[in-house]
Protein chains: 2
Amino acid sequence: MKITTELLKGVLEGIVLQRISAGETYGYEITQYLNEHGFEDVVEGTVYTILMRLEKQQLVAIEKKKSDRGPARKFYQLNAAGEERLAQFWQQWAYVSTQLTQLKENPA
Amino acid sequence: MKITTELLKGVLEGIVLQRISAGETYGYEITQYLNEHGFEDVVEGTVYTILMRLEKQQLVAIEKKKSDRGPARKFYQLNAAGEERLAQFWQQWAYVSTQLTQLKENPA
DNA sequence: TCTCACTACTATGTATTACTATATAGCAGT
DNA sequence: ACTGCTATATAGTAATACATAGTAGTGAGA
């Protein structure tokens with residue numbers, strides 16, 4: 001399904017955080033995961049910008065590891081601040097989601 | 001609850017469409033409704049930009065009516081294209097919402 | 001009459017963010 | 001050498017929520 005760009009804003013960062021939280025991973029893998037799990041149109045460039053942003057905000061720890069195929073991978077792990085950000089994201093998502101459901105079902 | 005700006009992108013337009021769909025209304029009223037229903041921090045300027053955008057994209061019909069208190073109000077109504085856009089929004093929202101829930105509960 | 005509060009819309013500028021497009025680089029197979 | 005797959009990086013663009021300020025009309029109270 002084609003999703004409006006604007007609906008993804010904020011959401012994508014949350015998804016990336018969640019993926020990293022689920023286990024050490026890197027940009028290319030995250031992109032593939034997204035493409036296979038309902039977000040077909042998300043491209044590599046988008047994921048890398050998000051990762052760079054997380055790094056800049058010091059929410060992740062980074063480790064470079066050699067790959068058997070292609071250039072070295074940058075593995076990401078959430079630090080304490082990253083976990084907190086992720087928790088915040090889910091809270092906010094739940095809140096917005098609840099409000100929207102109410103709005104739709106009870107327009108009064 | 002304080003919601004990250006980015007999480008609101010795309011969502012706010014959907015909410016405004018839904019409000020108009022629920023019955024002829026105008027900018028000031030929509031703003032107040034939002035402020036009283038979980039989106040305290042949304043300001044008038046934001047709502048009016050959305051309304052102008054909807055008008056530009058020809059998703060709404062407009063009628064000016066005198067008010068008993070203050071200047072004339074611009075009442076908005078959805079036309080066919082607007083109703084379709086609203087339906088699309090809910091579809092996309094449901095989709096993203098489903099994917100996110102799966103992602104959270106089943107990280108595999 | 002003047003001021004204030006409330007209502008209502010308009011306009012400008014800014015920050016954030018997803019996307020496009022492109023570049024770089026390593027390795028395998030032909 | 002060439003192609004294809006893996007993997008990261010980055011400059012540029014468009015969309016959008018927000019902050020802020022301005023304009024205006026109405027009615028109430030001093």
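Letters A, B, ... are given to chains in the order of the sequence lines, protein chains preceding strands, and every chain is numbered from 1. Note: hydrogens, waters and symmetry copies are ignored here, and every other heavy atom, side chains too, is used.
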A:Y48 meets the ring-ring contact (aromatic ring centres under 6.0 Å, His included) criterion, sequence neighbours left out, with none
Between [N] ([atom2]) and [X] ([atom1]): distance, integer Å:
X     : N      : atom1 : atom2 : result
A:N35 : D:dA7  : CG    : P     : 14 Å
B:E44 : C:dC6  : CD    : C1'   : 10 Å
A:R73 : D:dA9  : CZ    : C1'   : 17 Å
A:Y26 : D:dA7  : OH    : P     : 4 Å
B:I30 : C:dC9  : CD1   : C1'   : 13 Å
B:Y28 : D:dG25 : OH    : P     : 17 Å

Determine: side-chain N/O of [X] to OP1/OP2 of [N], distance under 4.0 Å, yes or no.
X     : N      : result
A:K66 : C:dC27 : no
A:K9  : C:dC19 : no
A:T5  : D:dA15 : no

Specify the residue among A:V43 and A:E13 whose closest nucleotide of DNA chain C lies further upstream toward the 5′ end. A:E13
In terms of side-chain geometry, is the basic nitrogen of A:R19 or A:E29 positioned less than 4.0 Å from the acidic oxygen of its partner? no
Of all the choices, C:dT20, C:dT10, D:dT16, which nucleotide is nearest to the side chain of A:T46 once you look at every atom? C:dT20
Where along residues 47-56 of chain A does a heavy atom fall under 4.0 Å from DNA chain C? A:I50, A:R53
Ring-face cation of A:R73 near A:Y28 (centre distance under 6.0 Å, axis angle within 45°): no
Centre of A:F75's six-membered ring, under 6.0 Å away, within 45 degrees of the axis: is that where NZ or CZ of A:K65 sits? yes
Rounded to the nearest 0.5 Å, how far apart are CG of A:N79 and CD of A:E84? 10.0 Å
Pairing residues for B:E40 by the side-chain contact (heavy atoms from CB on, under 4.5 Å) criterion, not counting sequence neighbours: A:Y95
Would you indicate what A:G45 reaches in the nucleic acid, counting non-hydrogen atoms under 4.0 angstrom: base, sugar-phosphate, or nothing? base
